[in-house]
Amino acid sequence: MSRGKFISIEGVEGAGKSTNIEAIKQYLVGKEIDFVVTREPGGTVLAEKIRRLLLHVSDDAPAELTELLLIFAARAQHIEKVIQPALENGRSVICDRFTDATYAYQGGGRGLKTSVIAELESMVQGELRPDLTIILDLDPEAGLVRAKERGELDRFETEKDEFFEKVRSAYLDIAISNPDRCFVINAGQSIEQVRADIINLLDKRLLVD
Ligand code: Z5A
């Protein structure tokens, strides 16, 4: 049985990850590709509990290193229980954020060292990396307007504009460093155009090899 494809989707708040995962699901159904949809932080009962700790606004917010370790703890559980089994069983995995988010938020946004993130990445993931990463690029201000329309802001969404500018810029750097895996899509376009660009990308990249 051939291994499933691992697709991650990334971007700043409100860039349209959830919206476009729906389009990816429809695409895969149309191609008769078996898949699971999951997210980070989260994806298992335990990892979802860690997610709540991470997003909750609290007087005792996690320190930067605590945040990083919690994210990788959730990821270790998610990989072991959901991602690896699915891929090994020939199912594709669509993941709403993965480790590029850690490089972008904890590395770019918080300023933690890339070498520390890379060390944890290697410890937790071994060789596991997404086959394809879609980066939805959007002016963070526009993303926050979209996110705010949904109601209460989580702990990340209360960060300053400067934080999100760094996150965006880190994502664009990741795309430059990983041109075979990462594809940037302009998420400031209409929902229909973003969707068309994603389907076009999947047609070109997903069914190759
Ligand atoms: N985090 C981290 O720090 N480190 C890590 O390693 C990981 C995560 C894995 C939760 O992530 C937080 O975890 C995240 C980073 C941190 N920070 N925050 N906040 P999340 O992915 O669950 O949360 P999110 O980024 O806030 O996701 P989101 O706000 O749900 O955004 P989205 O899924 O990208 O957007 P959406 O729900 O599809 O769209 C938002 C609205 O915009 C909605 O009303 C849509 O109808 C609308 N929309 C979408 N596309 C368009 C276009 N093209 N035009 C107009 N309107 C649109």
Side-chain angles (χ1 to χ4, degrees), residues 8-25 37-44 47-57 61-79 82-83 93-112 114 116-118 120-121 124-125 129-130 133-161 163-164 166-168 170-171 174 185-199:
S8 59
I9 181 156
E10 301 277 0
V12 293
E13 289 38 59
K17 298 179 303 301
S18 312
T19 305
N20 288 295
I21 281 175
E22 287 308 311
I24 298 173
K25 281 161 69 174
V37 176
T38 187
R39 68 172 180 182
E40 289 216 345
T44 78
E48 289 289 332
K49 286 184 183 165
I50 298 175
R51 175 189 178 91
R52 284 198 285 281
L53 293 176
L54 284 162
L55 299 193
H56 182 61
V57 178
E64 290 177 352
L65 187 58
T66 313
E67 178 178 281
L68 179 68
L69 293 171
L70 283 171
I71 286 168
F72 271 106
R75 184 162 296 139
Q77 185 75 0
H78 190 208
I79 290 172
V82 176
I83 298 178
V93 173
I94 308 167
C95 197
D96 187 338
R97 298 194 185 278
F98 194 61
T99 308
D100 293 314
T102 315
Y103 283 105
Y105 282 79
Q106 283 62 51
R110 304 259 188 251
L112 290 176
T114 300
V116 173
I117 300 173
L120 288 165
E121 179 182 39
V124 169
Q125 296 170 219
R129 302 289 182 277
T133 297
I134 298 166
I135 297 178
L136 295 175
D137 180 50
L138 182 67
D139 175 357
E141 224 173 288
L144 279 176
V145 170
R146 290 183 191 172
K148 273 181 189 156
E149 280 167 11
R150 268 184 332 209
E152 215 172 298
L153 299 181
D154 67 33
R155 194 171 61 82
F156 287 94
E157 288 164 346
T158 57
E159 288 291 341
K160 297 195 171 64
D161 294 353
F163 175 86
F164 294 106
K166 288 184 195 162
V167 170
R168 180 191 197 182
Y171 271 131
I174 290 168
I185 287 184
N186 175 4
Q189 307 175 99
S190 68
I191 292 183
E192 295 71 27
Q193 189 55 54
V194 174
R195 181 196 171 102
D197 286 359
I198 290 178
I199 300 303

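Atoms within each ligand, like the ligands themselves, are counted from 1 in listed order.
Heavy-atom proximity to Thr19, at under 4.0 Å, picks out these atoms of ligand 1: 36 (P), 38 (O), 39 (O), 45 (C), 49 (C). Annotation for ligand 1: atoms under 4.0 Å from non-hydrogen atoms of Ala187 are 53 (N). For ligand 1, the atoms sitting less than 4.0 Å from at least one non-hydrogen atom of Gln189 are 52 (C), 53 (N), 54 (N), numbered in the order shown with element in parentheses. Residue-ligand proximity, Ser18 to ligand 1, at heavy-atom distances under 4.0 Å covers atoms 30 (O), 32 (P), 33 (O), 37 (O), 38 (O). Each of the atoms 2 (C), 4 (N), 5 (C), 6 (O) of ligand 1 lies under 4.0 Å from some heavy atom of Ile71. Taking every heavy atom of Pro41 and a limit of under 4.0 angstrom, the matching atoms of ligand 1 come to 7 (C), 8 (C), 9 (C), 13 (O). Per-residue contacts place Glu40 under 4.0 angstrom from the following atoms of ligand 1 (heavy atoms of the residue considered): 9 (C). When each atom of ligand 1 is checked for a heavy atom of Thr102 under 4.0 Å away, the hits are 5 (C), 6 (O).
The shortest distance between side-chain heavy atoms of Asp96 and Ser18 falls below 4.5 Å.
Glu121 and Tyr103 share a side-chain donor-acceptor pair at under 3.5 Å.
Comparing Gln193, Lys17, Glu10 by heavy-atom distance to atom 27 (O) of ligand 1, the nearest is Lys17.
Atom 26 (O) of ligand 1 has as its closest protein heavy atom Glu157 OE2, 3.1 Å. Of all protein heavy atoms, the one closest to atom 14 (C) of ligand 1 is Glu13 OE2, 3.5 Å. Here the heavy atom of the protein found nearest to atom 30 (O) of ligand 1 is Arg150 NH1, 2.7 Å. Nearest protein neighbour of atom 4 (N) of ligand 1, counting heavy atoms only, is Gln106 OE1, 2.8 Å. Summary of contacts: the protein heavy atom closest to atom 11 (O) of ligand 1 is Arg97 NE, 3.1 Å. Shortest contact from atom 41 (C) of ligand 1 to any protein heavy atom: Arg146 CB, 3.9 Å. In terms of protein heavy-atom proximity, atom 12 (C) of ligand 1 is closest to Leu55 CD2, 3.7 Å. Among all non-hydrogen protein atoms, the one lying nearest atom 7 (C) of ligand 1 is Ala101 CB, 3.6 Å.
Taking the six-membered ring where the residue is Trp, Phe156 and Phe163 present tilted rings, their angle falling between 30° and 60°.
Residues Ile83 and Val93 share a closest heavy-atom pair of O-CG2, 4.0 Å. Counting all heavy atoms, side chain and backbone alike, Val82 lies closest to Gly43 at CG2-O, 3.4 Å. The two atoms that bring Glu157 and Leu144 nearest to each other are O-CD2, 4.0 Å, heavy atoms only. Contact detail for Ser8 and Thr133: the closest heavy-atom pair is OG-OG1, 2.8 Å. Smallest separation of non-hydrogen atoms from Ala47 and Ala74: CB-O, 3.8 Å.
By the 3.5 Å distance cut-off applied to N or O atoms, Gly11 is not counted among the residues near ligand 1. Taking distance alone, with nitrogen or oxygen atoms compared against 3.5 Å, Gly16 approaches ligand 1 more closely than that limit. Distances between N or O atoms of Arg39 and those of ligand 1 include no value under 3.5 Å. For a threshold of 3.5 Å applied to N or O pairs, the pair formed by Glu67 and ligand 1 contains no separation below that value.
Between Glu192 and Arg195, no side-chain nitrogen of the basic residue sits less than 4.0 Å from a carboxylate oxygen of the acidic one, so the salt-bridge criterion is not met. A salt bridge is defined here as a Lys NZ or Arg NE, NH1 or NH2 lying under 4.0 Å from an Asp or Glu carboxylate O, and Arg155 with Glu67 meets this definition.
In this structure a side-chain-to-backbone donor-acceptor pair under 3.5 Å is present from Glu10 to Phe98. A donor-acceptor contact shorter than 3.5 Å links the side chain of Arg97 to the backbone of Gly11. Listed for the Arg51 side chain is a donor-acceptor partner under 3.5 Å among the backbone atoms of Pro41. A side-chain donor-acceptor contact under 3.5 Å links Ser190 to the backbone of Gln193.
Of all the heavy atoms of Leu54, none lies under 4.0 Å from any atom of ligand 1, so neither backbone nor side chain is involved. Residue Asp154 touches ligand 1 through its side chain alone, judged by heavy-atom distances below 4.0 Å. The residue Ala104 has no part lying near ligand 1, judged by heavy-atom distances below 4.0 Å. When heavy-atom distances to ligand 1 are checked against a 4.0 Å cut-off, Glu149 has no atom that comes that close, whether in backbone or side chain. Of the heavy atoms in Thr99, none comes closer than 4.0 Å to ligand 1.
When each of Leu138, Asn20, Asn186, Ile134 is tested with Val194 by the rule side chain to side chain contact (heavy atoms under 4.5 Å, CB included), just one qualifies, namely Asn20.
By the 4.0 Å heavy-atom criterion, Arg155 is excluded from the residues contacting ligand 1. Contact between Arg51 and ligand 1 is present, with at least one heavy atom of the residue lying under 4.0 Å from the ligand.
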Run the numbers on Thr102 and Arg75 for side-chain contact (heavy atoms from CB on, under 4.5 Å), then give the verdict.
CA-CA 11 Å; Thr102 315; Arg75 184 162 296 139; 2.9 Å; yes
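Shown here, atom 16 (C) of ligand 1 is in close reach of the protein: a heavy atom of it lies under 4.0 Å off.
For the pair Arg168 and Tyr171, the cation does not sit on the ring face, since its NZ or CZ is not both under 6.0 Å from the ring centre and inside 45° of the axis.
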